[in-house]
Amino acid sequence: MELQLKIIGWLFVVLALVHVVFPKYFNWKEELAPLSLINRQLMYVHSFFIAFVVLLMGILCITSSYELTGTKLGRTVSLGLSIFWGVRLVFQFFGYSPKVWKGKSFETFVHIVFSIFWIYVTAVFTLTFLGNN
């Protein structure tokens, strides 16, 4: 399980870094222009902190995979991460409208890849929690 956690850790680091291109890729300068200043800034600030938390989760998995699997505190943290990513998986299907990806090949590919990724991450953290309980 430690290897799986390290793989997830590196994937989280990559995912966090990908957030850097979001404003340009999603054309936030024009798309968010009609919003009030506070709503525009909320998008930027929340996106930054989502990326920052994902980065920290990645660093945790890379540097502390033994502790996550071998200690009671680590398994409890893994339970929390399992719940977090399980909820994220639910939002993949119910938080976004299918209009976002249906009929669009790239967006459908991304939807499928992230659905599989959230299932994988949730399963690994759940199995880590259940490991020695």
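FYI, side chains are in, hydrogens and waters are out, and symmetry mates aren't considered; it's all heavy atoms of this structure.
For the side-chain contact (heavy atoms from CB on, under 4.5 Å) with R40, the qualifying choice from L37, L42, I38 is L37, the only one to do so.
Side-chain rings of H111 and F93 approach one another, their centers coming within less than 6.0 Å. Between F22 and H19, the distance separating the two ring centers is shorter than 6.0 angstrom.
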Go through F84 and M57 one step at a time and tell me if the side-chain contact (heavy atoms from CB on, under 4.5 Å) criterion holds.
CA-CA 11 Å; F84 178 88; M57 286 182 190; 3.9 Å; yes
Steps toward side-chain contact (heavy atoms from CB on, under 4.5 Å) verdict (V121, L81):
CA-CA 9 Å; V121 168; L81 292 172; over 6 Å; no
Checking side-chain contact (heavy atoms from CB on, under 4.5 Å) for the pair R75/T69: CA distance, chi angles, key distance, verdict?
CA-CA 6 Å; R75 287 188 299 279; T69 60; over 6 Å; no
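In terms of hydrophobic clustering, with Ile, Leu, Val, Met, Phe, Trp and Tyr side chains grouped at heavy-atom distances under 4.5 Å, V53 and L15 are assigned to a common cluster. By the rule that hydrophobic residues join a cluster once side-chain heavy atoms approach within less than 4.5 Å of another member, V54 and V45 end up as members of separate clusters.
A donor-acceptor pair under 3.5 Å links the side-chain atoms of T108 to the main chain of W101, judged by distance alone. Not a single donor-acceptor pair under 3.5 Å links the side chain of T122 to the backbone N or O of I119. S64 places no side-chain N or O within 3.5 Å of a backbone atom of E67 that could act as its donor or acceptor partner.
Using cut-offs of 30° and 60° on the angle between ring planes, the pair F12 and F125 is parallel. Relative orientation of the F117 and F114 rings is perpendicular, given thresholds of 30° and 60° on the angle between their planes.
When side chains are defined from C-beta on, L32 counts as touching Y44, because their heavy atoms get closer than 4.5 Å. Here the side chains of W28 and M43 are in contact, with some heavy-atom distance below 4.5 Å.
The two atoms that bring G9 and C61 nearest to each other are CA-CB, 3.6 Å, heavy atoms only. Scanning all heavy atoms of the two residues, the minimum distance from S115 to Q92 falls at OG-CG, 3.4 Å.
The closest side-chain donor-acceptor pair between T126 and S82 falls under 3.5 angstrom.
Open room surrounds CZ on F109; 12 or fewer heavy atoms of other groups in view lie less than 6.0 Å from it.
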